[in-house]
Engineer: 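For reference, the structure I am asking about is given below.
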Number of protein chains: 2
Amino acid sequence: MDQVEIFKALSNKSRLEILNWLKNPELHFQAEHRNDAGVCVGIIQEKSGLTQSTISEYLTILKRAGLIEATRVGQWTFYKRNEEAFAALSKLIGSEI
Amino acid sequence: MDQVEIFKALSNKSRLEILNWLKNPELHFQAEHRNDAGVCVGIIQEKSGLTQSTISEYLTILKRAGLIEATRVGQWTFYKRNEEAFAALSKLIGSEI
DNA sequence: AAGGTATATCGGAAAATCCCGATATCCCAA
DNA sequence: TTGGGATATCGGGATTTTCCGATATACCTT
């Protein structure tokens, strides 16, 4: 758990927004674009207004930080939050840092 | 409470180290360099190995993010943690973000 | 008032981040 | 096996961050 990497991943308005969307996918994405594995890249990109390459990069940054997980299904990659990582981070800030 | 500003402030190894020192000043600094208002800049600088200007800037960054507080006493500025900010951040990550 | 000490601010070179367009890869369907 | 759609990676210009040395400001002492 690289603390600096995690905080860098969180140091961006767009990435925080994505994490917020992924917290309650049913509030932000139509049913056909989500499943148990999360939400596909394209629909996140569409909602964000940023380019496909930027969103793909941002999702990779969040994934490397351990904050989200990816599942490939056919041509789609679905991303969802790793809630355990957030719980651990919350605990870390409340005690260690 | 600007979330991005807070996470940016935390996105640096040296600043995390400073926050860690300030969490238990009695473990990291001699009694003559600390008081109820915190720890003075010079002793943090000495311990960090970074330059005076860099440490002053880093403390300002942490202060602007609301993570630490400054108290001027004579020619010294003492800095201490704002534990409420950390508690709020922990809570935020555990529920909102 | 003058000199010394502690801290803050300024100016800048190097490195990192932001976000893009172009291109590559992967996978499915025909 | 070829074409098309979804995602990942590459290369790069603009901006921000990192950390420094030099300088300014604040305060204390004499």
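Naming convention: chains lettered A, B, ... in sequence-line order (proteins, then strands); numbering from 1 in each chain.
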Engineer: Could you check A:R15 against B:V41 and say which one's nearest nucleotide on DNA chain C is further toward the 5' end?
Structural biologist: B:V41
Engineer: Using a heavy-atom distance cut-off of less than 4.0 Å, which residues of residues 51-63 of chain A contact DNA chain D?
Structural biologist: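 The stretch gives A:Q52, A:S53, A:S56 as the residues lying under 4.0 Å from the strand, ordered by number.
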Engineer: Mark yes when over 12 heavy atoms from residues, nucleotides or ligands other than B:Q30 sit less than 6.0 Å from its CD; otherwise mark no.
Structural biologist: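 No, the 6.0 Å shell around CD holds no more than 12 heavy atoms from other groups.
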Engineer: Is the shortest side-chain N/O distance from B:N12 to OP1 or OP2 of D:dT17 below 4.0 Å?
Structural biologist: no
Engineer: Tell me: CZ of B:F7 to C1' of D:dT17, nearest whole Å?
Structural biologist: 18 Å
Engineer: Just how far, in rounded Å, is C1' of C:dT7 from OH of B:Y79?
Structural biologist: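 My rounded result for the distance is 8 Å.
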Engineer: Are B:F7 and A:M1 co-members of a hydrophobic cluster defined by side-chain heavy atoms under 4.5 Å apart?
Structural biologist: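 Yes, because A:M1 and B:F7 connect within a single hydrophobic cluster, where side-chain heavy atoms sit under 4.5 Å apart.
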Engineer: Would the base of C:dT7 count as contacting B:Q75 through its side chain, where contact means a donor and an acceptor less than 3.5 Å apart?
Structural biologist: no
Engineer: Is there a path of hydrophobic side-chain contacts, each under 4.5 Å between heavy atoms of I/L/V/M/F/W/Y residues, joining A:F78 to A:L59?
Structural biologist: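 No: no chain of side-chain contacts under 4.5 Å links A:L59 to A:F78.
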Engineer: Base, sugar-phosphate alone, or nothing: which one does A:F78 contact when heavy atoms must sit under 4.0 Å apart?
Structural biologist: nothing
Engineer: Does the side chain of A:S53 come under 3.5 Å of the side chain of A:S56 through a donor N or O and an acceptor N or O?
Structural biologist: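 Distance-only check fails for A:S53 and A:S56.
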Engineer: Can you measure A:L50 atom CG to C:dG21 atom C1' for me and round it to whole angstrom units?
Structural biologist: 14 Å
Engineer: Using whole Å, report how far CD of B:E17 lies from P of D:dC19.
Structural biologist: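 Spelled out: CD on B:E17 to P on D:dC19 is 11 Å.
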Engineer: Rounded to the Å, how far apart are B:R72 CZ and D:dC28 P?
Structural biologist: 9 Å
Engineer: Are B:W76 and B:F29 grouped together when hydrophobic residues (ILVMFWY) are joined by side-chain heavy atoms under 4.5 angstrom apart?
Structural biologist: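 Cluster IDs for B:W76 and B:F29 differ.
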Engineer: In whole Å, I'd like the distance from the CZ atom of A:R64 to the C1' atom of C:dA16.
Structural biologist: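 Distance check: A:R64 CZ to C:dA16 C1' gives 13 Å.
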Engineer: Check whether more than 12 heavy atoms from other residues, nucleotides or ligands sit under 6.0 Å from atom NZ of B:K23, and answer yes or no.
Structural biologist: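 Counting neighbours around NZ of B:K23, more than 12 heavy atoms of other residues, nucleotides or ligands fall under 6.0 Å, so yes.
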Engineer: With hydrophobic residues grouped by side-chain heavy-atom distances under 4.5 Å, do B:L89 and B:I61 end up in a single group?
Structural biologist: yes
Engineer: For A:T77 and D:dA8, is the shortest distance between a side-chain N/O and OP1 or OP2 below 4.0 Å?
Structural biologist: yes
Engineer: Once you round it to whole Å, what is the distance between P of C:dC18 and CD1 of A:I18?
Structural biologist: 12 Å
Engineer: Do any side-chain nitrogens or oxygens of A:K8 fall under 4.0 Å of OP1 or OP2 in C:dT17?
Structural biologist: yes
Engineer: Write down the distance between CD1 (B:I44) and C1' (D:dC19), rounded to a whole number of angstrom.
Structural biologist: 17 Å
